[in-house]
Amino acid sequence: MREDGTVKVLDFGLAKALAPPASTLEGSAASTITSPAMTQRGAILGTAAYMSPEQARGKPADKRADVWAFGVVLYEMTTGRRPFEGETVSESLASVMKSEPDWTHVPPELRRLLRSCLEKDPKKRLRDIGDWQRQLDDPKDARPGARNRSWPAWSVAAVLAIALGVLAALHFRESAPLAAPITFQILAPATNTFMTGLSVSRDGRRVAFTAMGADKVTRVWVRDLELLNARPVAGTEGTVGSSWSPDGRSLAFRVGRAVKRVAIDGGQVLTIFEAASADMVGSSSWSQDGSVIVGGARSGVIRRVSESGGVVTPLTAIDVSRRELAHSLPAFLPDGRHFLYTRVAVDETVAGVYIGSIDRKPEEQDETRLLAAAHVVYAVTRGGAGHLLYLRQGTLVAHPFDAPRLALVGEPVPVAEGVGNTGPLGFFSAGAGVIAYRTGARTAVGAVSQLTWVDREGKPSGVVASPNTFDEISLSPDGAKAAVVLGGLVDVGLGNFDIWVVDLARGVSQRLTTHAAVDRAPVWSTAGDRLAFFSVRAAVADLYTTSSNGTGESLLLKSDQGKIPTSWSRDGRFLLYSARDPKTASDIWLLPLGGDRKPVPLVQTEFAESEARFSPDMRWIAYTSFRSWRAEIPVQPFNALSPGSSPGEATVVSKDGGRQARWRQDGRELIFQAADGSMVAVGLTIDKQLHAGAPTKLFVPAGLYWDVTADGQRFLVTMPPADAGLAPITVMMNWK
């Protein structure tokens with residue numbers, strides 16, 4: 001204060017980098033700490049007496065450090081002394097971290113507020129300075145023995161106003177230096193391998209990832225970037241991937257056809273969304289208003305539901321005229337009203353990333369493509385600039401994005417090379433100033449795997465052919481060949497999928513289909529001389545057939561519904577297939593291969609049914625049904641003489657869920673994949689009726705695709721290369 005009564009507020013902000021090193025100064029000259037390496041994570045910056053304990057330790061600071069500084073200023077103004085003092089910087093910092101202020105000099109009205117501001121644990125500290133009024137004590141509530149120095153209300157308000165003004169002058173107008181980029185890696189937990197899920201919390205403080213343990217069970221793990229070790233999240237067993245709540249305290253994760261949520265520190269697991277099929281459930285995104293949007297997978301649209309569950313509202317609609325197949329990978333933008341999502345389509349000029357709005361009707365969403373990419377993440381640099389992250393042939397790029405205008409600006413710049421993906425899903429995520437990604441474990445077009453023979457215990461007995469991006473497996477009846485699916489677009493994740501035939505003895509592959517469209521779901525004839533498959537050459541998938549050497553291709557069935565072939569009868573007269581229906585999701589149909597070829601509905605209910613297989617004697621059909629709201633395996637009678645007649649009662653042979661049933665060649669056993677991913681065998685006794693024995697667990701395959709030989713003794717599975725799940729997660733902090 002000057003002699004004329006004028007109060008001068010001086011800027012005690014950060015000293016310049018050219019100041020002498022703090023270690024050479026003593027006393028008051030050392031009150032401001034700088035370092036030539038001030039931009040590095042862990043460097044201590046600021047005025048020692050006003051620094052919070054987390055700043056003194058060199059840890060990241062947020063607005064709660066400003067609350068601490070406010071408390072220091074207010075304490076000093078009301079008592080005439082500093083709450084934490086020392087003759088040197090080291091002593092001042094030690095006092096900040098360990099000492100308690102002398103509360104006897106503080107007016108009773110302010111003690112509760114100051115104690116809340118000067119709480120050393122930032123988690124217990126006053127979260128928002130705007131809540132200061134709630135922390136004021138009434139003088140009559142002061143503790144016994146405290147000095148009776150009650151202040152009038154106007155005095156308290158005046159001091160608080162001055163303290164806030166001083167703090168603003170001292171700190172809030174400072175421009176904090178941008179920290180230098182820091183890169184480090186997260187290794188897979190002991191005895192675990194990484195899976196596909198990877199997600200950074202919105203505040204950039206935590207990374208969630210999916211890993212499979214020695215027990216072959218996948219779980220979500222969380223790594224606090226301030227700590228050294230990751231921890232598993234209880235209740236997330238069997239998950240595929242996860243997304244963060246806005247406050248970073250909970251995760252939404254998907255298991256099967258459901259999306260669930262759980263607090264990362266433990267608690268009840270709540271199911272917030274269930275679909276008719278797992279193919280309709282993909283990743284999710286969580287907004288500040290408590291909404292969760294869920295995307296489809298191989299099918300399905302973007303849907304919105306409350307974080308507590310309840311009514312599910314579709315936000316998008318499949319445009320069949322544009323040959324769209326699914327809408328997936330949604331991600332909210334900062335305004336919480338718009339979101340990014342991927343339209344999966346046959347036409348590569350349609351497939352890509354779009355911007356949706358929760359305020360529009362499904363059929364009124366903008367059909368202007370934003371990017372020809374399969375997976376986009378909105379990211380903010382440490383300086384606050386918005387970008388879209390996506391892959392270009394394995395290179396992760398950052399494209400400047402004006403979020404308020406919903407527009408791309410400028411040109412993309414490379415961020416990291418060799419980032420992996422599964423085709424549609426890139427192995428990268430981002431939070432505030434933080435990017436996490438994995439490299440090496442995947443190629444640019446899909447998951448690299450090896451065709452591997454295993455026995456009924458899952459023990460490998462031989463590798464077939466070279467590693468490739470195998471997407472489906474169908475063994476020939478004699479087990480000598482396998483039809484597989486290969487291909488896809490690098491950036492969009494869909495496109496020219498084709499069917500190849502692999503000679504399993506020689507490891508030689510031959511391309512079977514060559515059309516510039518999606519060709520998938522190969523099904524062998526009993527003689528092994530032909531294959532049926534679907535191809536999306538028009539608006540929907542139609543059924544085709546070709547010889548096993550790729551000649552003589554012909555159209556089997558064309559209709560308005562998308563179709564997937566699943567089984568060819570032993571006598572060659574019938575083909576089972578699934579047909580998608582807007583009302584029932586999927587039904588089972590029979591296509592006669594002779595005569596008028598008029599399709600016959602076999603299983604057509606309000607529930608989804610698919611993956612039907614003839615028994616070897618053609619008396620039974622095993623299929624996947626969602627009648628019980630999870631995948632199960634019913635077996636029902638089939639009358640080849642009268643296919644459209646009432647089939648009789650079905651027998652459910654699975655116990656804890658199952659799909660993709662395969663018959664043993666003698667018809668006395670069914671092998672399928674249970675809900676937990678394990679292979680299961682069920683013995684069958686058949687007289688006039690079918691009786692199922694107790695399911696026997698065999699093994700848990702490491703890959704996604706499999707088939708079994710006719711005798712049920714050997715499995716051909718896709719297995720990741722030995723190092724596929726070991727590539728670490730790379731974390732970039734303060735990225736530019």
Side-chain angles (χ1 to χ4, degrees), residues 279 298-299 323 325-326 344-346 423 446 451 468-478 480-489 494-504 509-570 572-580 586-593 597 599 610-614 623-624 660 662 704-707 716 718:
D279 289 346
R298 294 184 179 179
S299 63
R323 303 170 72 189
L325 302 178
V344 182
V346 176
L451 295 178
N468 212 322
T469 54
F470 300 108
D471 207 28
E472 291 180 36
I473 298 176
S474 179
L475 281 170
S476 63
D478 61 4
K481 297 179 180 180
V484 298
V485 176
L486 298 172
L489 291 180
L494 189 68
N496 191 23
F497 283 96
D498 282 305
I499 298 170
W500 293 63
V501 172
V502 181
D503 185 318
L504 299 177
S509 301
Q510 177 187 355
R511 188 173 180 175
L512 201 66
T513 62
T514 59
H515 196 280
V518 175
D519 300 323
R520 303 191 66 143
V523 175
W524 291 89
S525 66
T526 302
D529 58 340
R530 299 195 66 79
L531 290 101
F533 62 97
F534 79 72
S535 184
V536 190
R537 302 177 187 182
V540 297
D542 292 315
L543 302 182
Y544 291 78
T545 183
T546 185
S547 68
S548 57
N549 60 12
T551 62
E553 182 179 289
S554 62
L555 177 67
L556 279 178
L557 179 64
K558 185 178 181 64
S559 69
D560 295 335
Q561 294 180 321
K563 300 163 288 296
I564 302 174
T566 58
S567 182
W568 207 318
S569 65
R570 173 168 285 187
R573 296 168 52 205
F574 303 107
L575 183 72
L576 290 174
Y577 68 94
S578 303
R580 297 192 181 278
S586 179
D587 301 312
I588 295 173
W589 289 72
L590 180 79
L591 177 65
L593 298 179
R597 292 191 178 182
S610 61
E611 303 175 335
R613 293 268 178 162
F614 283 114
Y623 58 94
T624 301
Q660 296 181 303
R662 302 288 192 272
L704 294 177
Y705 303 103
W706 62 276
D707 203 355
L716 187 65
T718 54

What closest approach, in Å, do [X] and [Y] show between heavy atoms, and which atom pair accounts for it?
X	Y	result
Pro477	Gly528	CD-CA, 4.2 Å
Glu611	Thr624	OE1-OG1, 2.6 Å
Ser548	Trp524	CB-CZ3, 4.0 Å
Ser509	Val502	OG-CG2, 3.5 Å
Pro565	Leu575	CB-CD2, 4.2 Å
His515	Asp498	O-OD1, 3.6 Å

Q.
Show, in sequence, the C-alpha distance, side-chain angles and deciding distance for Leu576 and Leu590, and conclude whether the side-chain contact (heavy atoms from CB on, under 4.5 Å) test is met.
A. CA-CA 5 Å; Leu576 290 174; Leu590 180 79; 3.8 Å; yes
Q.
Per the salt bridge (Lys or Arg N to Asp or Glu O under 4.0 Å) rule, what does the pair list look like for residues 540-555, sequence neighbours excluded?
A.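 Matches after skipping sequence neighbours: Arg537-Glu553, Asp542-Lys558, Asp542-Lys563.
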Q: List for me each residue that meets side-chain contact (heavy atoms from CB on, under 4.5 Å) alongside Ser547, sequence neighbours excluded, and say none if there are none.
A: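 Partners of Ser547 by the side-chain contact (heavy atoms from CB on, under 4.5 Å) criterion, ordered by chain and then number, come out as Arg530, Asn549, Thr551.
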Q: Report the residues that fulfil side-chain contact (heavy atoms from CB on, under 4.5 Å) with Ala541, sequence neighbours left out, ordered by chain and then residue number.
A: Phe534, Val536
Rounded distance [0.5 Å steps], [atom1] in [X] versus [atom2] in [Y]:
X	Y	atom1	atom2	value
Tyr577	Leu556	OH	CG	10.5 Å
Leu593	Arg573	CG	CZ	10.0 Å
Thr566	Ile564	OG1	CD1	9.0 Å
Leu531	Ser525	CG	OG	7.0 Å
Thr513	Leu486	OG1	CG	9.5 Å
Ser610	Tyr623	OG	OH	10.5 Å

Q) Checking side-chain contact (heavy atoms from CB on, under 4.5 Å) for the pair Leu557/Arg597: CA distance, chi angles, key distance, verdict? A) CA-CA 8 Å; Leu557 179 64; Arg597 292 191 178 182; over 6 Å; no
For residues [X] and [Y], determine if any side-chain heavy atom of one lies less than 4.5 Å from a side-chain heavy atom of the other.
X	Y	value
Val523	Ser474	no
Asp471	Thr718	no
Trp568	Thr545	yes

Q. Any idea how Phe533 and Tyr544 line up, ring-wise: parallel (<30°), tilted (30 to 60°), or perpendicular (>60°)?
A.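 Judged by the thresholds at 30° and 60°, the geometry between Phe533 and Tyr544 is parallel.
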Examine distances only and state if a side-chain atom of [X] and a backbone atom of [Y] form a donor-acceptor pair shorter than 3.5 Å.
X	Y	result
Glu472	Ala521	yes
Ser567	Phe614	yes
Asp707	Leu475	yes

